S.K.: 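First the structure, which I've put down as structure tokens, then a few questions once you've had a look.
For the numbers below, each heavy atom of this structure counts, side chains included, while hydrogens, waters and symmetry mates do not. Start at 1 with the first residue, then count along the sequence. Predicted, not measured: the structure shown is a model, and the values here were computed from it.
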Amino acid sequence: MKVPIIYFSSSGNTKYVCQVVAKGLNSMDLETELIPLRGIKKHPSRIKDAALFGIGAPIYGANFTPNMIQWMKQLPRVNDDKKFFLIDTCSGLSGVALLKARTILTQKGYKCVGGLELISPTRDSVFWTGFYDYISWNEDEIKRAYNFGRLVAKNYWAGKEKFIKSFRVMPFGRILTKLFTYVERPFFKLATKLMAIDHSKCKRCKLCESLCPMEAINVKQDIYFHPEKCMLCFKCMRNCPEGALYLKIYPKAKFFKGPFQIKGYIEPEKLNFRKVE
Ligand SMILES: Cc1cc2nc3c(=O)[nH]c(=O)nc-3n(C[C@H](O)[C@H](O)[C@H](O)COP(=O)(O)O)c2cc1C
Ligand code: SF4
Ligand code: SF4
């Protein structure tokens with residue numbers, strides 16, 4: 001059986017953590033398949049057939065990202081014994097995001113077997129302004145992710161349904177998440193006004209359109225941006241080869257491109273921890 005792990009990641013941290021968790025599962029004889037969210041939308045049967053699956057997302061506005069929440073909400077109800085685990089990365093202000101995301105699926109009959117949250121090393125994956133010499137994940141944190149994967153697999157083989165809690169709920173977390181739920185839309189609406197397009201630089205290559213998880217960009221003869229759909233993930237700005245997308249307040253921002261670009265990054269394949277039971 002393959003365990004699909006469906007993830008969204010803009011600056012690479014969540015993807016990296018999902019890879020490490022997958023490595024933990026693999027070490028306990030569970031095969032895994034990492035599937036970007038846009039991929040699973042095209043092939044929904046990959047989770048339909050799985051007895052266990054994982055979901056990984058960054059925290060935006062003290063909640064799982066809007067695209068992941070939308071996808072989770074449209075999943076069908078189940079009556080069989082379908083298990084899932086949740087992974088998120090954040091800057092330390094996650095409120096009760098993980099518990100809230102868990103409820104979306106448990107209400108539909110899925111059984112949650114674990115939740116893992118890691119704080120990204122930069123604490124700010126939005127920009128990489130050049131202040132840092134290098135950024136890397138703390139090795140102990142990565143071990144925690146690896147061991148989480150091992151424990152999920154161990155319980156799976158033992159037929160145990162115990163919830164593995166590898167995250168902390170911050171004080172006033174519930175209030176924070178609720179507050180963000182109310183201010184999120186107006187905040188994004190305001191913030192997306194800061195996004196700007198340099199029409200003279202744009203080569204109409206459509207890369208931004210194909211990468212945007214919210215269908216907030218259309219490229220035809222010209223490029224059209226729909227701020228009401230945007231969740232400010234910066235994926236378009238990070239990847240535009242012409243530098244045609246930028247922020248009005250900070251046109252010279254270097255967008256942080258995730259751990260893959262950074263000195264000190266350990267390839268998940270090269271992680272070789274001693275076995276931890
Ligand atoms: C629009 C936006 C909103 C965010 N909101 C929060 C937040 O409310 N709480 C938090 O702890 N981190 C927040 N973050 C930080 C991300 O959760 C964090 O950097 C995460 O590791 C990014 O994951 P990725 O590298 O996989 O994209 C936010 C980031 C962005 C871009
Ligand atoms: S990725 Fe950049 S150059 Fe390509 S269509 Fe988008 S804005 Fe234009
Ligand atoms: S328009 Fe850009 S920042 Fe907004 S959701 Fe799409 S890719 Fe992300």
S.K.: Given M195 and C236, is the side chain to side chain contact (heavy atoms under 4.5 Å, CB included) satisfied, shown in steps?
M.R.: CA-CA 10 Å; M195 269 184 66; C236 53; 3.8 Å; yes
S.K.: Roughly how far, to the nearest 0.5 Å, is CG of N26 from CD of Q19?
M.R.: 11.0 Å
S.K.: Examine distances only and state if a side-chain atom of K82 and a backbone atom of I47 form a donor-acceptor pair shorter than 3.5 Å.
M.R.: yes
S.K.: Looking at every heavy atom in both A62 and A97, which two are closest together, and how far apart are they?
M.R.: O-CB, 3.5 Å
S.K.: Got a sec: does the CZ of R38 have more than 12 other heavy atoms crowding it under 6.0 Å?
M.R.: yes
S.K.: Can you name the residues that form a side chain to side chain donor-acceptor pair (under 3.5 Å) with K203, not counting sequence neighbours?
M.R.: E242
S.K.: Can you name the closest pair of heavy atoms from F167 and L116 and give their distance?
M.R.: CD2-N, 4.4 Å
S.K.: Could you give the distance from CD1 (I142) to CG (L118), rounded to the nearest 0.5 Å?
M.R.: 6.0 Å
S.K.: Examine distances only and state if a side-chain atom of Q74 and a backbone atom of W71 form a donor-acceptor pair shorter than 3.5 Å.
M.R.: yes
S.K.: Just how far is it from atom CG of L86 to atom CD of E117, taken to the nearest 0.5 Å?
M.R.: 11.0 Å
S.K.: Atom NZ of residue position K2 - does it have more than 12 heavy atoms of other residues, nucleotides or ligands inside 6.0 Å?
M.R.: no
S.K.: Using a 4.5 Å cut-off on heavy atoms from C-beta on, say whether the side chain of P213 contacts that of C233.
M.R.: yes
S.K.: Can you label the angle between the F148 ring and the F85 ring as parallel, tilted or perpendicular, going by 30° and 60°?
M.R.: perpendicular
S.K.: Set out, in order, the CA-CA distance, both residues' side-chain angles and the distance that settles side chain to side chain contact (heavy atoms under 4.5 Å, CB included) for C240 and Y246, then state yes or no.
M.R.: CA-CA 10 Å; C240 171; Y246 62 98; over 6 Å; no
S.K.: Just so I know, are the side chains of V113 and N155 near enough to count as touching, which here means a heavy-atom distance under 4.5 Å?
M.R.: no
S.K.: Of all the heavy-atom pairs spanning M68 and F8, show the shortest one and how long it is.
M.R.: CE-N, 3.6 Å
S.K.: Nearest 0.5 angstrom please: T65 OG1 to D88 CG, how far?
M.R.: 10.0 Å
S.K.: M231 and I104: same hydrophobic cluster, using ILVMFWY side-chain contacts below 4.5 Å?
M.R.: yes
S.K.: M1 versus L30: any side-chain heavy-atom pair under 4.5 Å?
M.R.: yes
S.K.: So, K108 side chain and L75 main chain: donor-acceptor pair closer than 3.5 Å or not?
M.R.: yes
S.K.: Look up atom NZ in K154 and atom NZ in K160, then write down how far apart they are to the nearest 0.5 Å.
M.R.: 6.5 Å
S.K.: Contact between V152 and V21 at the side-chain level, heavy atoms closer than 4.5 Å - yes or no?
M.R.: no
S.K.: Is there a path of hydrophobic side-chain contacts, each under 4.5 Å between heavy atoms, that joins M214 and I40?
M.R.: yes
S.K.: Indicate yes or no: at least one non-hydrogen side-chain atom of E209 is less than 4.5 angstrom from one of N218.
M.R.: yes
S.K.: Would you say that C208 contacts I223 through its side chain, given a criterion of any heavy-atom pair below 4.5 Å between the two side chains?
M.R.: yes
S.K.: Is any side-chain heavy atom of S9 less than 4.5 Å from a side-chain heavy atom of Y16?
M.R.: no
S.K.: Rounded to the nearest 0.5 Å, what separates atom CG in L151 from atom CD1 in I164?
M.R.: 4.0 Å
S.K.: Write down the atom of L211, the atom of K235, and the distance for their closest heavy-atom approach.
M.R.: O-CD, 3.9 Å
S.K.: Using side chain to side chain contact (heavy atoms under 4.5 Å, CB included) as the criterion, list what pairs up with F172, not counting sequence neighbours.
M.R.: I175
S.K.: Looking only at non-hydrogen atoms, find the nearest pair between E215 and H226 and report the distance.
M.R.: O-CD2, 4.3 Å
S.K.: If hydrophobic clusters are built by linking Ile, Leu, Val, Met, Phe, Trp and Tyr wherever their side-chain heavy atoms come under 4.5 Å apart, do Y60 and F180 end up in the same one?
M.R.: no
S.K.: With a 4.5 Å cut-off on side-chain heavy-atom distances among I, L, V, M, F, W and Y, is there a chain of contacts connecting L98 to L179?
M.R.: no
S.K.: For the backbone of G114 and the side chain of R102, can you confirm whether one donor and one acceptor N or O come within less than 3.5 Å of each other?
M.R.: no
S.K.: Run the side chain to side chain contact (heavy atoms under 4.5 Å, CB included) test on R204 and D222 for me, step by step, so that the C-alpha distance in whole Å, both residues' side-chain angles and the decisive distance to 0.1 Å come before the verdict.
M.R.: CA-CA 7 Å; R204 319 283 187 265; D222 208 341; 4.0 Å; yes
S.K.: For W157 and D29, which heavy atoms make the closest approach, and how far apart are they?
M.R.: CZ2-O, 3.4 Å
S.K.: I'd like to know whether T177 forms a side chain to side chain contact (heavy atoms under 4.5 Å, CB included) with N63, so could you lay out the CA-CA distance, the side-chain angles of the two residues, the decisive distance to 0.1 Å, and finally the verdict.
M.R.: CA-CA 7 Å; T177 293; N63 280 291; 3.5 Å; yes
S.K.: Measure from the side-chain N and O atoms of K23 to the backbone N and O of G149, and report whether any donor-acceptor pair falls under 3.5 Å.
M.R.: no
S.K.: Is there a side-chain contact between Y7 and V17, using heavy atoms and a 4.5 Å cut-off?
M.R.: no
S.K.: By ring pair (Phe, Tyr, Trp, His ring centres under 6.0 Å), which residues pair with F225, not counting sequence neighbours?
M.R.: none
S.K.: May I ask whether V183 and I59 are part of the same hydrophobic cluster, defined by side-chain heavy atoms of I, L, V, M, F, W, Y residues being less than 4.5 angstrom apart, directly or through others?
M.R.: no
S.K.: Heavy-atom count check: over 12 atoms from other residues, nucleotides or ligands less than 6.0 Å from K178 NZ?
M.R.: no
